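Encoded as structure tokens, the structure appears first; notes follow it.
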Amino acid sequence: MPHQAHSFSSMVVVYFLATYLNVLHAIATPHVVGGIDGWTLFTNSSNWVQGKEFHVSDVLEFNYERGLHNVMQVNSTAYEGCIKDTYIGLFTSGNDSLVLSEVGQMWFICGVSDHCELGQKLTINVIP
């Protein structure tokens with residue numbers, strides 16, 4: 001009987017450890033776009049993305065001066081051509097938090113003036 005009790009307690013420990021690790025993985029990671037500089041014309045989003053992983057449930061935080069910038073979620077065509085009249089989402093608060101809800105590529109541009117054409121754009125790949 002002692003062998004069965006030891007086996008049961010080991011299974012309980014393994015179960016709780018697996019549950020704990022799943023909870024840790026499920027915690028959303030916030031990503032402040034552009035780091036301390038925020039979402040600006042001067043942020044090199046290609047450099048900012050390097051070395052980062054974006055997972056479903058993570059949060060992108062766009063910080064910028066309201067009225068000077070905005071965030072448009074767009075498709076790849078609008079991203080490449082800085083097309084501002086066909087967006088998926090428009091965010092203008094200056095402190096926008098977007099939960100990454102699905103796997104795949106996402107594209108964002110600033111729709112103010114010629115900011116996109118000057119490089120204020122971001123693309124990320126969201127993984128499970």
Side-chain angles (χ1 to χ4, degrees):
M1 191 67 121
H3 179 14
Q4 288 177 335
H6 177 70
S7 202
F8 176 75
S9 63
S10 295
M11 287 174 50
V12 169
V13 168
V14 167
Y15 171 78
F16 282 112
L17 182 59
T19 302
Y20 174 74
L21 291 174
N22 281 336
V23 168
L24 280 180
H25 182 68
I27 296 172
T29 301
H31 299 279
V32 179
V33 176
I36 59 171
D37 295 329
W39 178 241
T40 71
L41 277 170
F42 307 107
T43 301
N44 183 327
S45 61
S46 296
N47 284 347
W48 178 78
V49 168
Q50 291 300 314
K52 292 178 177 53
E53 284 189 352
F54 302 93
H55 296 269
V56 171
S57 81
D58 284 358
V59 179
L60 282 185
E61 297 177 6
F62 289 88
N63 299 316
Y64 53 93
E65 191 170 336
R66 186 179 183 177
L68 291 183
H69 303 288
N70 64 26
V71 179
M72 291 181 156
Q73 183 179 352
V74 296
N75 63 25
S76 62
T77 302
Y79 176 84
E80 290 301 325
C82 290
I83 301 167
K84 301 168 186 125
D85 58 354
T86 58
Y87 53 83
I88 298 164
L90 174 63
F91 308 94
T92 60
S93 75
N95 189 11
D96 307 313
S97 295
L98 287 75
V99 176
L100 305 177
S101 60
E102 56 189 51
V103 171
Q105 199 75 21
M106 296 182 78
W107 301 271
F108 302 93
I109 64 172
C110 180
V112 173
S113 186
D114 60 353
H115 294 190
C116 177
E117 291 83 353
L118 293 172
Q120 192 174 1
K121 53 204 278 186
L122 170 71
T123 183
I124 63 168
N125 186 40
V126 182
I127 57 177

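Side-chain atoms are counted along with the backbone in the values below, which use heavy atoms only and exclude waters and symmetry mates. Remember, predicted model here, so these are calculated numbers, not experimental data.
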Please check: side-chain N/O of [X] versus main-chain N/O of [Y], any donor-acceptor pairing under 3.5 Å?
X      : Y      : value
Asn70  : Gly111 : yes
His31  : Val59  : no
Ser113 : His115 : no

[Y] side chain reached by [X] side chain, heavy atoms, under 4.5 Å:
X      : Y      : value
Phe91  : Leu98  : yes
Leu41  : His69  : yes
Leu68  : Val112 : no
Leu100 : Ile124 : yes

Set of side-chain hydrogen bond (donor to acceptor under 3.5 Å, both in side chains) partners for Ser46, sequence neighbours left out: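 For Ser46 there are no side-chain hydrogen bond (donor to acceptor under 3.5 Å, both in side chains) partners, ignoring immediate neighbours.
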
Minimum heavy-atom separation for [X] and [Y], please, with both atom names.
X     : Y      : result
Val56 : Ser101 : CG1-O, 3.9 Å
Ser57 : Ala28  : O-CB, 2.8 Å
Ser45 : Leu122 : CB-CD1, 3.8 Å

Basic-acidic side-chain contact under 4.0 Å: Lys84, Glu117: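 Salt bridge present between Lys84 and Glu117.
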
Parallel, tilted or perpendicular, as decided by the 30° and 60° cut-offs, for the rings of Phe54 and Trp48: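 Taking Phe54 first and then Trp48, their aromatic rings sit tilted (interplane angle of 30° to 60°).
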
Cys116 and Cys82 SG atoms less than 2.5 angstrom apart: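 Yes, disulfide present: SG-SG under 2.5 Å.
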
Hydrophobic cluster of Trp107, others only, ordered by chain and residue number, side-chain cut-off 4.5 Å: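 Noted: Trp107 shares its cluster with Met72, Val74, Tyr79, Tyr87, Leu90, Ile109.
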
Phe62 ring center near Phe108 ring center (under 6.0 Å):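 Aromatic pair counts; centres sit under 6.0 Å.
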
